[in-house]
Amino acid sequence: MALTPPPFDPEIAAHLDAIHAWLPATITPDMIPAGRELPAGMPTPPTNEELAGDGLFEVEERAAPGPPGAPDVALLICRPAAATEPRPVLYTIHGGGMVTGTHRLGIPLDWAAELGLVVVSVEYRLAPEHPHPAPVEDCYAGLLWTAEHAKEIGGDPERIILVGGSAGGGLAAAVALLARDRGGPRAIGQMLMCPMLDDRNDTPSAHQMAGLGVFDRTSNETGWSALLGEARGTAGVPPYASPARADDLSGLPPAFIDVGSAETFRDEDITYASRIWQAGGTAELHVWPGGFHGFDSLVPGAALSVDARAAKLRWLRRLLGETAQADQGLTPEEERWCAAAPAWGRA
């Protein structure tokens with residue numbers, strides 16, 4: 001039976017032509033080098049001065065010991081300058097299909113400003129030059145350093161939240177599995193935004209959206225093949241590479257998972273949330289009608305995007321036990337933080 005693709009939300013669909021000028025729906029291996037050159041129209045990485053937001057954040061760069069035999073892992077740290085006590089930490093992992101991206105893009109400074117959070121953004125080695133397990137081991141090494149040095153950077157080691165989108169969402173899920181299985185730092189939550197979870201790339205949504213939207217089935221194959229080589233799609237792929245392969249999803253931090261109804265990852269993300277529930281865990285799942293991959297960061301002003309971002313912030317508030325404060329509105333200090341948060345930090 002032919003699979004008819006679901007419609008895009010009209011407001012965000014109006015931006016697809018402009019997005020495709022620098023981010024085509026279909027990405028093939030030969031396009032990876034150009035994708036790393038930041039094509040015209042793509043957001044540029046902010047400087048430390050821009051991240052600081054006129055003194056709103058203190059910004060520093062650290063190097064964490066990498067996995068055995070590997071280079072150090074670069075960490076970019078943004079902490080609220082006004083904080084007087086240890087604050088929760090957002091440990092963020094950037095997207096880019098496993099093959100592109102930098103830890104300077106997609107930093108959630110608006111959330112950090114509104115809730116007074118420390119952000120640690122990790123730089124990991126990219127495929128295909130560095131296949132699995134390099135990316136996830138880099139991310140795990142950065143988490144170990146963050147937990148050990150949290151107080152030193154103004155953070156609370158008992159309140160670390162894993163955050164990632166797309167490939168970063170898949171890596172965040174894999175880091176949660178690694179931490180559980182190795183007895184490592186236990187995050188209090190994992191925010192998986194349109195996460196890239198399943199190398200098999202054979203769900204109905206993957207077939208439905210072929211050639212459409214953002215990051216289609218061919219693009220997904222490009223990313224997974226870069227990470228796994230000829231092992232992609234075979235029985236030997238480990239869960240720390242492809243979290244959907246995990247036999248056991250029990251004992252994981254509470255998860256927030258969201259995805260668009262009109263994107264490749266829809267069905268694998270829904271399945272992952274369902275399997276967390278079936279394992280006795282906690283997950284909040286949102287499927288945004290008509291959303292293509294990454295719509296809320298690519299078209300942040302659209303009504304659907306505003307709703308999606310509000311849902312994430314509400315989850316963070318509940319996770320951190322700040323519901324009562326949310327009901328009362330923002331404090332004057334939070335209002336100042338939120339107003340001063342640079343727009344490019346809203347990813």
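Aromatic rings of Y124 and H94 (six-membered ring for Trp) have centroids within the 6.0 Å cut-off, being under it.
Taking D307 as the reference, nothing meets the salt bridge (Lys or Arg N to Asp or Glu O under 4.0 Å) condition, with sequence neighbours excluded. Every residue meeting the salt bridge (Lys or Arg N to Asp or Glu O under 4.0 Å) condition with E137, not counting sequence neighbours, appears here in chain and number order: R182.
Taking all atoms of both residues into account, the shortest heavy-atom contact from F8 to A13 is CB-CB, 3.7 Å. Minimum interatomic distance between H103 and S121 (heavy atoms only, all atoms of both residues): O-OG, 2.7 Å.
Salt bridge status for E230 with R232: absent, with no side-chain N to carboxylate O gap under 4.0 Å. Salt bridge status for R200 with E268: absent, with no side-chain N to carboxylate O gap under 4.0 Å. With respect to R79 and E85, no salt bridge is recorded, no charged nitrogen being found less than 4.0 Å from a carboxylate O. Ion pairing of K151 with D156 is absent here, as no side-chain N (NZ or NE/NH1/NH2) approaches a carboxylate O to less than 4.0 Å.
A side chain to side chain donor-acceptor pair (under 3.5 Å) with R104 holds for exactly one of N48, T47, T44; it is N48.
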Please list, one pair per line, the donor and acceptor atoms closer than 3.5 Å that link side chains of residues 250-259 to other protein atoms, with sequence neighbours excluded.
{"unit_1": "S250", "atom_1": "OG", "unit_2": "D248", "atom_2": "OD1", "d": "2.6"}
{"unit_1": "S250", "atom_1": "OG", "unit_2": "D248", "atom_2": "OD2", "d": "3.1"}
{"unit_1": "D258", "atom_1": "OD2", "unit_2": "W288", "atom_2": "NE1", "d": "3.1"}
{"unit_1": "D258", "atom_1": "OD2", "unit_2": "K312", "atom_2": "NZ", "d": "2.6"}

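Hydrophobic clustering of Ile, Leu, Val, Met, Phe, Trp and Tyr side chains at less than 4.5 Å, counting indirect connections, unites W22 with I27.
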